[in-house]
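Have a look at the structure below, then the notes.
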Amino acid sequence: MVDVIGGPSLPQERKLVTSIPGPKSQELLARKNAAVAAGVGVALPVSIVAAGGGVMVDADGNSLVDLGSGIAVTGVGNAAPAVVEAVTNQVQQFTHTCFTVTPYEGYVEVAEKLNAVTPGDHEKRSALFNSGAEAVENAIKIARHFTKKNAVVVFDHAYHGRTNLTMGMTAKNMPYKDGFGPFAPEVYRVPTSYPYRDGMTGAEAAANTISAIEKQVGANNLAAIIIEPIQGEGGFIAPAEGFLPALQEWSTKNNVVFILDEVQTGFARTGDLFAANFEGVVPDLVTTAKGIAGGLPLSAVTGRAEIMDSAHAGGLGGTYTGSPISCAAALATIETYEKENLTERAREIGAIITEFFTELQKTDDRIGDIRGRGAMQAVELVESGSTKPNPALTSALAKFAGENGVILLTCGTYGNVVRFLPPLSISDELLRDGLSVVAEGLKANA
Ligand SMILES: *Cc1c(COP(=O)(O)O)cnc(C)c1O
């Protein structure tokens, strides 16, 4: 049945043998349209049969450069050998018990590991879940239980997921929220720091944000502030230096739980194991998912023992939360980040991307901003001679990239950001090849 085995031994090349999507991919797309709910869209309709290193291979035999990692998930690479081995061993032992019925070691080991590697050296506890949204929901549950307060502060351009609470916490209407309300109450949105567009220092932006919180919510009603240290879906917006530390300090002073949503930024992606480390910010709680388990579904809330332990026994859980298979994958994944020094690799990847677009920007002023950290980089596209968002160019570029064998993701509140999230297992050569296709796309759409 399997005729192509994934993993890093796949030929690391971009190779097109049909147009994209090829006939077999088109066949799958037709079946998908007849069988799968229309709301489940696809960015690039290629039928993937194997992936690894920095490529994805489709059913027609095309080999595409992966600049998305399935949205920052396969940091260690697709079908990473250590993950495959750990998962294979675990499924032969047992596949499920429900941890809250009968526990097992893998879950506890992942909790111990998360407590050790997340920011801060205070005493911590962890709880495991399935998805990023579920981790965010539980972080809010825990913060409310601990503070006995209700309100939650979120930010412009924020993304926290697709469940009812996290949809309400997410900023962008289309496609995430439109027609899906009503949303949960007691969620308040305040301005963030967006250096390219607001021109403020971190201190100025923080003063502005804190003033909005105090005037519109009030610290005595506020359970938690939750923020992505670099906003993901919102456009890879890194706040100006000083913004996050100021929010953290204010939260601590006001008995507000300060939560960092590191679902996208976590696990070596930004050139540090966590983006919080960049400014030495220590959150009370941190949510993680995506890069945690090499592609298997797992998420976590990790944080101060006194906060995490405040919820009563039985208050947190779920049938599949902390699946033994996902836990085995997570342990192998986290060990791989450390063993292969992938934080360093993320910084190298970031330098290549930054240098590439800085050079291009000299002759193409539609590249408005180049930003990000490590292997989480973005280019904000604008109309020539202005800072006006250019979503048309952005979608044309993603389309051009797909047709030429490069999986390229977009994001941003204004739909005008191309983002680069390659697996950390990609080679320099393949990365540069992928970037050259993006440059060709800019030329083709001049
Ligand atoms: C992807 C994402 C989520 C939601 O994670 P899911 O696993 O899709 O539920 C939450 N927060 C951030 C910052 C994300 O990038």
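The basis for the numbers below is simple: all heavy atoms, side chains too, and nothing from hydrogens, waters or symmetry mates. Counting starts at 1 for both ligands and their atoms, in listed order.
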Protein non-hydrogen atom found under 4.0 Å from atom 7 (O) of ligand 1: yes
Heavy atom of the protein closest to atom 5 (O) of ligand 1 (residue, atom name, distance): G132 CA, 3.2 Å
is_close_aromatic(F267, F274), centroid dist under 6.0 Å: yes
Which residue and heavy atom of the protein sit nearest atom 10 (C) of ligand 1, plus the separation: H160 O, 3.3 Å
Carboxylate-amine/guanidinium proximity below 4.0 Å for E233 and R419: yes
Distance filter under 4.0 Å to Y159 heavy atoms, resulting ligand 1 atoms: 1 (C), 2 (C), 3 (C), 11 (N), 12 (C), 13 (C), 14 (C)
E262 heavy atom under 4.0 Å from ligand 1: no
Under 3.5 Å: N/O of G161 near N/O of ligand 1: no
Proximal ligand 1 atoms for E228, defined as those under 4.0 Å from one of its heavy atoms: 13 (C)
F357 ring center near F420 ring center (under 6.0 Å): yes
D261 neighbourhood, listing ligand 1 atoms whose heavy-atom distance to it stays under 4.0 Å: 10 (C), 11 (N), 12 (C), 13 (C)
Polar atom proximity, E134 to ligand 1 (N or O, under 3.5 Å): no
N or O contact, Q264 vs ligand 1, cut-off under 3.5 Å: yes
Ligand 1 contacted by G232 (non-hydrogen, < 4.0 Å): no
Any donor-acceptor N/O pair, R144 side chain to V152 backbone, under 3.5 Å: no
Aromatic ring pairing H157/Y414, orientation class (parallel under 30°, perpendicular over 60°, tilted between): perpendicular
Contact (N/O only, under 3.5 Å) between A133 and ligand 1: yes
K399 NZ: over 12 foreign heavy atoms closer than 6.0 Å: no
Partners meeting side chain to side chain contact (heavy atoms under 4.5 Å, CB included) with F400 (sequence neighbours left out): N404, V437, E440, A444
Y320 OH: over 12 foreign heavy atoms closer than 6.0 Å: no
Heteroatom proximity flag, K290 to ligand 1, N/O under 3.5 Å: yes
Polar side-chain atom of N130 near backbone of P297 as donor-acceptor pair, under 3.5 Å: no
